[in-house]
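Here's the structure we're looking at; comments come further down.
One is the number of the first residue; the rest follow in order along the sequence. Any value given below was found using the heavy atoms of this structure, including those in side chains, with hydrogens, waters and symmetry copies removed.
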Amino acid sequence: ENLRSFWNETIAELATVAPQYKVEPSPKWSTKQTNCFLVEMRSLGDVRIRGWFEVPRSAGPHPVLLRVPGYTQGMMPTQSISDMAVLSLNIRGHGNSTDDEPGFYWGGGADDYLLRGLDDPQKFFYRGAVMDCLRGVDFVASRPEVDTQRIGITGGSQGGMLSFAAAALDQRIALSAPDIPFVVDSMKGFKMTGWPGMVIWGWHARDPKRNTWELAGETFSYVDPKNLAGWVECPILMGVGLQDNVAPAPTAFAAYNQIRSPKDYRVYPEAGHGTPPEHVATKMAWIRKQFELAE
């Protein structure tokens with residue numbers, strides 16, 4: 001109940017932020033089949049975020065795929081998908097979205113995304129990051145080139161977690177394809193991993209009385225896909241590597257098992273924290289089938 005009201009209030013707060021969309025042609029990234037645009041919008045806390053919006057030159061409206069980043073990943077245009085629109089979105093602190101929320105460079109310091117606002121769910125980095133994804137959905141839903149009945153989301157690692165969370169919170173999302181989602185069953189995952197576990201151990205060591213595992217667990221519980229997955233209403237396809245020591249397979253299934261909508265998964269026994277190239281092909285074929293696009 002508390003969880004639902006936390007997110008309802010957060011979504012209501014996002015709605016009070018005027019998106020102020022800016023869309024500029026980016027011919028450098030356009031192809032024979034697609035036109036590319038650099039887009040900017042305002043998200044929770046009036047934070048500026050950007051992304052790359054690629055639209056087929058053929059007549060629309062088109063289904064759209066929202067791509068969200070892994071940890072520290074800067075999203076760029078795909079230049080490879082010509083039968084649907086694609087928004088490659090940089091959430092706050094990532095890629096070209098660092099004006100109002102600084103980026104993070106691997107140093108294990110106190111500015112790590114996982115630690116920003118960790119002592120207060122209202123100030124937690126991922127509360128804003130998840131809203132950035134919903135603002136991305138707002139953007140594509142506002143575009144005449146987009147078929148709003150066919151909005152999908154996908155990402156790997158952090159992007160997998162965001163793909164889960166956004167699908168749980170936004171019924172406009174018609175399909176979600178989370179890969180190797182990290183920070184699922186989060187506190188168990190932190191105890192099973194070197195990274196990201198060491199980020200939380202380090203935070204705890206700096207002030208053991210204040211920075212307790214219970215405090216971290218309480219904050220992470222709000223964004224943990226394990227707790228949100230039961231709200232997902234759209235089809236899901238999840239990709240998992242059995243050798244993954246960053247987002248261990250059992251944690252991914254802790255969320256997957258809660259999903260009540262149509263769902264499927266692919267397990268790659270040899271894969272670590274990544275999925276093999278054939279998974280991209282499998283995933284794109286699944287998305288096209290869901291969107292009723294010709295193969």
Side-chain angles (χ1 to χ4, degrees), residues 1-4 6-7 68 70-72 104 106 108 110 112-121 124-127 129-130 155-169 176-232 236-260 263-275:
E1 219 29 52
N2 185 20
L3 187 62
R4 186 63 97 168
F6 172 85
W7 285 113
V68 290
Y71 209 73
T72 73
F104 160 69
W106 300 89
D112 198 303
Y113 302 129
L114 289 165
L115 304 181
R116 294 183 191 179
L118 184 52
D119 52 1
D120 179 357
F124 191 35
F125 175 81
Y126 284 102
R127 176 174 177 259
V130 171
S157 192
Q158 172 184 266
M161 179 253 258
L162 294 169
S163 297
F164 253 127
L169 295 173
S176 175
D179 291 328
I180 51 170
F182 96 144
V183 192
V184 185
D185 206 358
S186 44
M187 303 321 284
K188 188 179 283 186
F190 290 138
K191 289 182 173 163
M192 291 166 73
T193 56
W195 187 89
M198 66 197 212
V199 175
I200 307 301
W201 286 110
W203 169 82
H204 171 63
R206 284 195 281 281
D207 189 347
K209 277 205 176 64
R210 220 195 76 179
N211 297 350
T212 62
W213 279 87
E214 290 69 29
L215 177 62
E218 168 70 14
T219 299
F220 273 105
S221 72
Y222 286 93
V223 298
D224 192 324
K226 180 182 77 164
N227 299 333
L228 303 175
W231 301 349
V232 171
I236 293 258
L237 176 68
M238 181 175 80
V240 173
L242 281 193
Q243 311 302 317
D244 193 335
N245 55 12
V246 168
T251 63
F253 282 99
Y256 182 87
N257 292 340
Q258 307 296 321
I259 298 166
R260 295 192 285 267
K263 59 184 179 178
D264 200 0
Y265 65 87
R266 296 288 182 279
V267 165
Y268 299 95
E270 305 300 312
H273 191 56
T275 52

So, does S163 use its side chain to make a donor-acceptor pair with the main chain of A177 at under 3.5 Å?
no

All side chain to side chain donor-acceptor pair (under 3.5 Å) counterparts of D264, not counting sequence neighbours:
R266

F6: partners by ring pair (Phe, Tyr, Trp, His ring centres under 6.0 Å), with sequence neighbours left out:
Y222

Check side chain to side chain donor-acceptor pair (under 3.5 Å) between N211 and all other residues, then give those that pass, not counting sequence neighbours.
none

Quick one: side chains of residues 237-244, donor-acceptor pairs under 3.5 Å with protein atoms, not counting sequence neighbours, listed by atom name and distance.
unit_1 : atom_1 : unit_2 : atom_2 : d
Q243   : NE2    : P269   : O      : 2.6
D244   : OD1    : V246   : N      : 2.8
D244   : OD1    : A247   : N      : 2.8
D244   : OD1    : H273   : ND1    : 3.0
D244   : OD2    : H273   : ND1    : 2.8

Counting only N and O atoms by type, is there a donor-acceptor contact under 3.5 Å from the side chain of T219 to the main-chain atoms of A216?
no

Determine whether more than 12 heavy atoms belonging to other residues, nucleotides or ligands lie under 6.0 Å from atom NZ of K263.
yes

Within the 4.5 Å heavy-atom criterion, are Y113 and V199 side-chain neighbours or not?
no

Could you pull out all residues at least two apart from D224 that satisfy side chain to side chain donor-acceptor pair (under 3.5 Å)?
S186

Give, for atom CG of N227 and atom OG of S221, the distance between the pair rounded to the nearest 0.5 Å.
6.0 Å

D119: what forms a side chain to side chain donor-acceptor pair (under 3.5 Å) with it, not counting sequence neighbours?
R210

Can you name the residues that form a ring pair (Phe, Tyr, Trp, His ring centres under 6.0 Å) with F253, not counting sequence neighbours?
Y256, Y265

Could you list all the salt bridge (Lys or Arg N to Asp or Glu O under 4.0 Å) pairs where at least one residue sits in residues 245-256, not counting sequence neighbours?
none

Under the side chain to side chain contact (heavy atoms under 4.5 Å, CB included) rule, collect the residues that match up with W213, sequence neighbours excluded.
M187, F190, K191, I200, W201, H204

Is the shortest heavy-atom distance from the side chain of F182 to the side chain of W195 under 4.5 Å?
yes

Who passes ring pair (Phe, Tyr, Trp, His ring centres under 6.0 Å) against Y126, sequence neighbours left out?
F124

L162 side chain near V130 side chain, heavy-atom distance below 4.5 Å
yes

Residues two or more places apart in sequence or in another chain: which of them pass side chain to side chain contact (heavy atoms under 4.5 Å, CB included) with A168?
L228, W231, V232

